[in-house]
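One structure below.
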Amino acid sequence: MLKNAMEYLVGLARPTVIEVEGQNFSTVDLTRVKEQANVSELQVNTLTGLVDYIKSQFDGEKQLMIQVKSPTDVRLFDALDSTNDRRTYIQAKALLPNITFERFVDREEFQIMMQANFVDNNDKQIVLDIISNIVEDGSAEIKDNGMAQQVTVKKGVASVGYETIPGRVALKPFRTFAEVTQPESEFILRLREGSRVALFEADGGAWELNAIHSIKEHLTTELEEQIAAKKIFIIG
């Protein structure tokens, strides 16, 4: 009896195809058996780590593709197998500072953010000079015509005057991997009463395309030999 019961249970587990109104249905959910098992992808935080892994051939030698998904995300994977699956071997994810855009912050926080998280250039210094000289007493005034602002700033030891804030400034915040040049893009600089300052992105996301191009160029240079041998392909 026990044998008959076990055979009955096994029979229940066996998938059956049933036709209903001309369409075929299975009595159980089926899972495709993959040709190759998934791998646990490595995680690194630099392009150097990605390049070192490829050059080491640690997991064997095969044709691989690098995809520059974004300014902060680069992945390495192999070709499709017979079941149209591919495996990702390593992901490079950039470590970036926390930079506040599109929101007003107090002057001291803004100055620290600018000095610590932006590459030095002429417009960065102009912004810092204006922000550091804003008058903080009750007589401070901001004039705004919708296109540009004027703010009360210190002019020398004891005098004050108006300083016109540039409508747009070209800045280079740290937004991609350290191995490549940080992309420069335009920002709108705005001030609000209470010495609060904000940066608003104004390039429509063009900096991301520039960063992706820079990453691709860097990897092309670093992996010139592997690319020439058609062992590595890069898209971005």
Side-chain angles (χ1 to χ4, degrees), residues 43-50 66-75 91-136 140-153 162-220 234-236:
Q43 299 283 334
V44 296
N45 299 119
T46 64
L47 297 178
T48 302
L50 174 66
I66 298 172
Q67 180 188 18
V68 186
K69 292 194 68 176
S70 75
T72 62
D73 188 354
V74 181
R75 303 186 185 194
Q91 178 188 24
K93 194 77 173 174
L95 290 176
L96 299 175
N98 183 25
I99 304 177
T100 302
F101 297 120
E102 322 293 329
R103 182 168 61 85
F104 284 89
V105 298
D106 66 66
R107 183 172 72 164
E108 183 177 4
E109 181 182 344
F110 183 86
Q111 288 175 302
I112 293 171
M113 181 183 74
M114 284 283 295
Q115 293 184 47
N117 302 323
F118 287 68
V119 178
D120 290 338
N121 69 356
N122 185 59
D123 280 9
K124 172 184 174 180
Q125 193 57 52
I126 290 173
V127 171
L128 286 173
D129 287 345
I130 293 173
I131 301 305
S132 63
N133 287 317
I134 295 175
V135 173
E136 292 191 3
E141 182 182 1
I142 297 175
K143 296 182 178 181
D144 192 338
N145 63 9
M147 296 295 294
Q149 289 181 305
Q150 284 188 326
V151 61
T152 308
V153 298
Y162 283 106
E163 180 78 31
T164 300
I165 299 174
R168 294 184 178 223
V169 290
L171 300 171
K172 301 172 71 173
F174 290 106
R175 293 182 288 186
T176 188
F177 293 92
E179 292 95 333
V180 299
T181 301
Q182 298 302 309
E184 184 174 270
S185 60
E186 287 193 334
F187 293 86
I188 298 172
L189 174 67
R190 302 293 288 177
L191 276 72
R192 181 176 285 176
E193 291 183 2
S195 298
R196 298 182 66 78
V197 193
L199 285 173
F200 297 88
E201 296 185 78
D203 76 336
W207 74 269
E208 295 183 81
L209 300 179
N210 293 334
I212 289 172
H213 179 71
S214 295
I215 293 170
K216 187 176 178 181
E217 280 194 334
H218 174 80
L219 293 173
T220 299
I234 304 176
I235 58 173

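When a residue number appears, it is its place in the shown sequence, counting from 1. Bear in mind the structure is a predicted one, so any value in this text is a computation, not a measurement.
Contact detail for Asn121 and Ala170: the closest heavy-atom pair is ND2-O, 2.9 Å. For the residue pair Val180 and Ser214, the shortest heavy atom distance occurs at CG1-O, 3.8 Å. The heavy-atom pair separating Arg103 from Ala198 by the smallest distance is O-CB, 3.5 Å.
A search for side-chain contact (heavy atoms from CB on, under 4.5 Å) contacts involving Thr181 returns Lys172, not counting sequence neighbours. Under the rule for a side chain to side chain donor-acceptor pair (under 3.5 Å), Asp106 has no partner lying at least two apart in sequence or in another chain. Under the side-chain contact (heavy atoms from CB on, under 4.5 Å) criterion, Ile126 pairs with Asn122, Asp123, Ile130, Pro166, not counting sequence neighbours. For Glu208, there are no salt bridge (Lys or Arg N to Asp or Glu O under 4.0 Å) partners at least two apart in sequence or on another chain. When the side chain to side chain donor-acceptor pair (under 3.5 Å) test is applied to Glu109, no partner is found at least two apart in sequence or on another chain. Remark: Lys216 pairs with no residue by the salt bridge (Lys or Arg N to Asp or Glu O under 4.0 Å) rule, at least two apart or across chains. For Phe110, the ring-ring contact (aromatic ring centres under 6.0 Å, His included) criterion is met by no residue, not counting sequence neighbours. For Glu201, the side chain to side chain donor-acceptor pair (under 3.5 Å) partners two or more places apart in sequence, or in a different chain, are Arg175, Trp207. In this view, Ile99 and Pro97, Phe101, Met113, Asn117, Phe118, Pro173 satisfy the side-chain contact (heavy atoms from CB on, under 4.5 Å) rule, not counting sequence neighbours. Listed by chain and number, the residues in a side-chain contact (heavy atoms from CB on, under 4.5 Å) with Leu95 are Asn45 (sequence neighbours excluded). Every residue meeting the side chain to side chain donor-acceptor pair (under 3.5 Å) condition with Glu179, not counting sequence neighbours, appears here in chain and number order: Thr48.
A cation-pi arrangement is absent between Arg196 and Phe104, since the terminal nitrogen or guanidinium carbon is not both under 6.0 Å from the aromatic centre and inside a 45° cone about the axis.
Here the straight-line distance linking atom CD1 of Ile234 with atom OG1 of Thr220 works out to 4.0 Å at 0.5 Å rounding. One finds the CD1 atom of Ile131 at 13.5 Å from the CD atom of Glu108 (value rounded to the nearest 0.5 Å). The structure places CD of Glu186 at 15.5 Å from CZ of Phe200, a figure rounded to the nearest 0.5 Å. The CD atom of Glu184 sits 10.5 Å away from the CG atom of Asp203 when rounded to the nearest 0.5 Å. Arg75 CZ to Lys69 NZ: the interatomic distance, rounded to the nearest 0.5 Å, is 4.0 Å.
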Verdict with reasoning, Ile212 to Thr176, per side chain to side chain contact (heavy atoms under 4.5 Å, CB included) | CA-CA 9 Å; Ile212 289 172; Thr176 188; over 6 Å; no
Quick one: do Leu171 and Leu189 satisfy side chain to side chain contact (heavy atoms under 4.5 Å, CB included)? Show the steps, please.
-> CA-CA 11 Å; Leu171 300 171; Leu189 174 67; over 6 Å; no
Evaluate the criterion side chain to side chain contact (heavy atoms under 4.5 Å, CB included) for residue pair Val127 and Val197; output intermediate values, then yes/no.
-> CA-CA 10 Å; Val127 171; Val197 193; 5.9 Å; no
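Side-chain contact between Met114 and Leu199 is present, with at least one heavy-atom pair separated by less than 4.5 Å. Using a 4.5 Å cut-off on side-chain heavy atoms (C-beta onward), Ile66 and Ile235 make no contact.
Side chains of Asp73 and Gln91: a donor-acceptor N/O pair is present below 3.5 angstrom, by distance only.
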